[in-house]
2 protein chains.
Amino acid sequence: MQLTQMPSATLRQRVAVMKALAHPSRMLIAETLMSGEKCVCDLQALVGADMSTVSKHLTLMRQAGVLVCEKRGLNIYYRLACSCLGTFLRCLDELTPNMESCRSSCCD
Amino acid sequence: MQLTQMPSATLRQRVAVMKALAHPSRMLIAETLMSGEKCVCDLQALVGADMSTVSKHLTLMRQAGVLVCEKRGLNIYYRLACSCLGTFLRCLDELTPNMESCRSSCCD
DNA sequence: GATCTATTTGGCAAAATAGCCAAGCAGTTT
DNA sequence: AAACTGCTTGGCTATTTTGCCAAATAGATC
């Protein structure tokens, strides 16, 4: 692997963000946080996995720069760090209808 | 794992797109294709991996709906299927400067 | 029709990721 | 200060992803 051209820091940052969103539980968390911050226990209830698993997902997303957290009282609240995500996801959702043509190989 | 709420087809589609972009070689391919279509051998030269590896990356991206391909003459040309990607990536790149605060835990 | 060219597919080993349990930890309440 | 609350970390196994090689394929050229 010999990835020239783009600044590698930029590339790594972008890939980290994509990885942070490339999992059903994490995508659901991101979607949910678009309507405002939530504490870890809320997100655990949403995802339905072990608390430790959810915590690890959140750490990953925070380290990628997708989420920010803040401690208030007993709870830790997470929220989205960037607003551009919603726009992108809505665009992707609209892409879905014409998917059949995209999924097939051009050699079929 | 018990992911309620969002239509699961939408969730799966979104996750597939994110996975398709969550790899340095594939992100580089996506970035490159923003300036127009390229054939597989061009992309192999860019990425610097085995041809079969690049081909598998391209298949993954096509199946996720990120790329479309077309055969012309001896070559197969790949291009981006959606234009919204560029906007999102530029937004992410601008996010980078304030990353330090995002990466740290709120409990530090 | 044999050969060449561009690309895909199969198969496998190595590396990365996911998720559970148990244990740790920092504030809070008693 | 003991016990509780909300969350994170360590450790482990199971699953998924990655990337190479070798083999297959489809169309172009000889």
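Lettering of chains follows the sequences in order, A, B, ..., and the numbering in each one begins at 1.
Residue pairs meeting the side-chain hydrogen bond (donor to acceptor under 3.5 Å, both in side chains) criterion with at least one member in residues 81-92 of chain B, sequence neighbours excluded, do not occur. Sorted by first and then second residue, the pairs that involve residues 34-59 of chain B and meet ring-ring contact (aromatic ring centres under 6.0 Å, His included), not counting sequence neighbours, are B:His23-B:His57.
Considering only residues two or more places apart in sequence or on other chains, A:Arg26 meets the salt bridge (charged side-chain N to carboxylate O under 4.0 Å, His left out) condition with none of them. Listed by chain and number, the residues in a disulfide (SG to SG under 2.5 Å) with B:Cys41 amount to none (sequence neighbours excluded). When the salt bridge (charged side-chain N to carboxylate O under 4.0 Å, His left out) test is applied to A:Arg12, no partner is found at least two apart in sequence or on another chain.
Comparing A:Asn75 and A:Thr53 by the nucleotide of DNA chain D whose heavy atom lies nearest to each, the residue mapping closer to the 5' end is A:Asn75.
In the interface, the side chain of A:Lys71 is not paired with the base of D:dG6 through any donor and acceptor atom under 3.5 Å apart. Residue side chain A:Lys38 does not reach the base of D:dG6 through any donor-acceptor N/O pair under 3.5 Å, judged by distance alone. For B:Ser52 and D:dC21, a side-chain-to-base donor-acceptor distance below 3.5 Å is present, hydrogens and geometry of angles not being considered.
Out of D:dA28, D:dT9, C:dT7, the shortest distance to the side chain of B:Leu74 is found at D:dA28. Distances were taken from every side-chain heavy atom of A:Thr59 (C-beta onward) to each of C:dA6, C:dG11, D:dT9; the shortest belongs to D:dT9. When each of D:dC7, D:dG6, C:dT8 is scored by its nearest atom to the side-chain atoms of B:Ile76, the top-ranked nucleotide is C:dT8.
The shortest distance between the side-chain N/O atoms of B:Tyr77 and the OP1/OP2 oxygens of C:dT7 is not below 4.0 Å. For C:dG19, the OP1/OP2 oxygens have a side-chain nitrogen or oxygen of A:His57 closer than 4.0 Å.
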Return the polar atom pairs (N/O with N/O) between nucleotides 14-17 of chain D and the protein under 3.5 Å, or none.
unit_1 : atom_1 : unit_2  : atom_2 : d
D:dT17 : OP1    : B:Lys19 : NZ     : 3.0

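Sulfur atoms SG of A:Cys91 and B:Cys82 are positioned 2.5 Å or more apart.
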